[in-house]
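Encoded as structure tokens, the structure appears first; notes follow it.
Computed over heavy atoms, backbone and side chain alike; hydrogens, waters and symmetry mates excluded. This one's a predicted model, so the numbers in the text were calculated from it and none came from an experiment. Residue numbers start from 1 in every chain, and the chains themselves are labelled A, B, ... in the order their sequence lines are given, proteins ahead of strands.
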There are 2 protein chains.
Amino acid sequence: MRQRLTKRGEQRRRQIVDLSARRFATQGYHATSITDIVNELKVGKGVFYWYFSSKEELFREILLTAQHDLRRLQQAAIEGEDDPLRRIELGIRASLDWLGKHRHLFMLFHFAAGDERFSSMIRKGEQVAVEDATRHLKEAIAAGQIREADPTVLGHAILGVINHLTRVLIFELGEPMDRVVDETIAFCLFGLKASTCPSPASKGPDPSD
Amino acid sequence: MRQRLTKRGEQRRRQIVDLSARRFATQGYHATSITDIVNELKVGKGVFYWYFSSKEELFREILLTAQHDLRRLQQAAIEGEDDPLRRIELGIRASLDWLGKHRHLFMLFHFAAGDERFSSMIRKGEQVAVEDATRHLKEAIAAGQIREADPTVLGHAILGVINHLTRVLIFELGEPMDRVVDETIAFCLFGLKASTCPSPASKGPDPSD
DNA sequence: CACAATCTTGACTCCTCAGTCAAGTGTCTC
DNA sequence: GAGACACTTGACTGAGGAGTCAAGATTGTG
């Protein structure tokens, strides 16, 4: 952090980050000791503390990097799309895609969400994601593409579906990616009902109360 | 577990369970030591190990009891309701109700889901819940009340929405219970679209195919 | 080469915490 | 009240892990 790194130093640092992320994901954060990590790298313990001031700092960095990476992908995915509802769909697809490709990082998010030390980071990341989504949701509501509802709530509901379906279907049941993507989008758009509904973008007339 | 408990013993045991559950929820499982617990109860350490063989066993018991309690409430809530879609709705309401009333246990579920030692229990519990829901979902599909889709997926999607909205809206944003309940149900039924749909529990008329 | 900065070593310290145990107290039962 | 069983005590053990540090190796630079 504080000192300048040579090329060799950069490499070592990345080596530590990558290995740790994987071990944290497979064995768990608590079950992975610094000693484990440096042993696997066949280096002395001081090496770790040359690059990171603590295990916690390392983990925070892993999380933050992952969050930024995911967000970057989401934004790249929707770039240039005009239809707000379509942007949402593309965002969902991009997210699932990223999660599928970085399963170990998904595991880390999952762990972090349940740990007091890190849950605030996850919350912050989710908030950012929902704020991003909120913009498109508002537009879509204004355009009458989707029902009137608090866009923040909608955003979080979508997030909940993505997280849970990803975990259960992809990680635990080993379902194929595409199917999960389609099911997720179908549920987010239509919920349980509404195969019977009028086709997609009808103007919203009279809400019930 | 193994020995018979006197009334005094039962009381002590419950005392330990209750206090631990609360401390695990507020300070975190790892941050709560057995020493903490017995100190707060002003008893010797041996007391703990008279009633429980390990910290892990205690936590498992807390989880299991909570899961059973939640399920009991869900089943009581839908008992006697004929309409399958309505049963689902009642089940969702009951779940949210229970989660709101036992926030500390919800926190424990959340932690447990992200920890390798306990996540299998959570998965199992979720599976049971989804299997319960699946029965009603299948019926509802057969009756043409909801769209055709894999009921397991639908069940998990609902679970994801419940969990996430509960956490974010109730625990983090402090939204009133009723609003969250309504929003959750609305999202599960209609997704983003379909304010235009026929009102909630109409008898299933003509399915599309 | 010199000498400075980066990087590495690994034994060591410090601490926390789960779990044990031998000895003691309280309570129930006959 | 005597013996049995339930409960309690709290110092102790042992394991394990985070983080330190003084000394040494390697690399970059003038």
Mind checking what makes ring-ring contact (aromatic ring centres under 6.0 Å, His included) contact with A:His136, not counting sequence neighbours? none

How would nucleotides 20-29 of chain C be written as a contact map, 5' to 3', with B for base contact, S for sugar-phosphate-only contact and - for no contact, using protein heavy atoms under 4.0 Å? BB-----S--

Sequence neighbours left out, what pairs pass side chain to side chain donor-acceptor pair (under 3.5 Å) with at least one residue falling in residues 180-190 of chain A? A:Arg179-A:Glu183

Mind checking ring-ring contact (aromatic ring centres under 6.0 Å, His included) for B:Phe24 and listing every partner two or more places apart, or none if nothing turns up? B:Tyr29, B:Phe59

Using a heavy-atom cut-off of under 4.0 Å over every strand shown, decide if B:Val47 touches base, sugar-phosphate, or nothing. base

When you measure from every atom of DNA chain C, which of residues 25-35 of chain B have a heavy atom less than 4.0 Å away? B:Thr32, B:Ser33, B:Ile34

Using whole Å, what does the distance between atom P of nucleotide C:dA18 and atom CZ of B:Phe59 come to? 14 Å

How close or far is atom P of C:dG10 from atom CG of A:Asp36, stated in whole angstroms? 17 Å

Rounded to whole angstrom units, what separation is found between the CD atom of A:Glu10 and the C1' atom of D:dG28? 16 Å

Distance check: side-chain N/O of B:Arg12 vs OP1/OP2 of D:dT8, anything under 4.0 Å? yes

Does a side-chain N or O of B:Trp50 approach OP1 or OP2 of D:dT8 to a distance below 4.0 Å, or not? no

Might you confirm whether atom CZ of A:Arg14 has over 12 heavy atoms from other residues, nucleotides or ligands at distances under 6.0 Å? no

Distance in angstrom units between A:Arg4 CZ and D:dT27 C1', rounded: 14 Å

Salt bridge (Lys or Arg N to Asp or Glu O under 4.0 Å) with B:Glu126: which residues, sequence neighbours excluded? A:Arg167

Expressed as a whole number of angstroms, how long is the span from B:Gln15:CD to D:dC7:C1'? 13 Å

Without placing hydrogens or testing angles, list every side-chain donor-acceptor pair under 3.5 Å for residues 75-82 of chain B, not counting sequence neighbours.
residue, atom, partner, partner atom, Å
B:Glu81, OE2, B:Asp83, N, 3.1

Check salt bridge (Lys or Arg N to Asp or Glu O under 4.0 Å) between A:Arg60 and all other residues, then give those that pass, not counting sequence neighbours. A:Glu56

Please report the distance, rounded to the nearest Å, between CD in B:Gln11 and P in D:dT8. 10 Å

Among residues at least two apart in sequence or on other chains, which ones pass side chain to side chain donor-acceptor pair (under 3.5 Å) with A:Asp132? A:Arg71, A:Arg135

For C:dT6 and A:Tyr51 - does any side-chain N or O of the residue sit under 4.0 Å from the phosphate oxygens OP1/OP2? no

To the nearest angstrom, the NZ-C1' distance between B:Lys55 and C:dG19 comes to 12 Å

Could you tell me if B:Arg12 sits above the aromatic ring of B:Tyr51, with its cationic atom closer than 6.0 Å to the ring centre and no more than 45 degrees from the axis? no

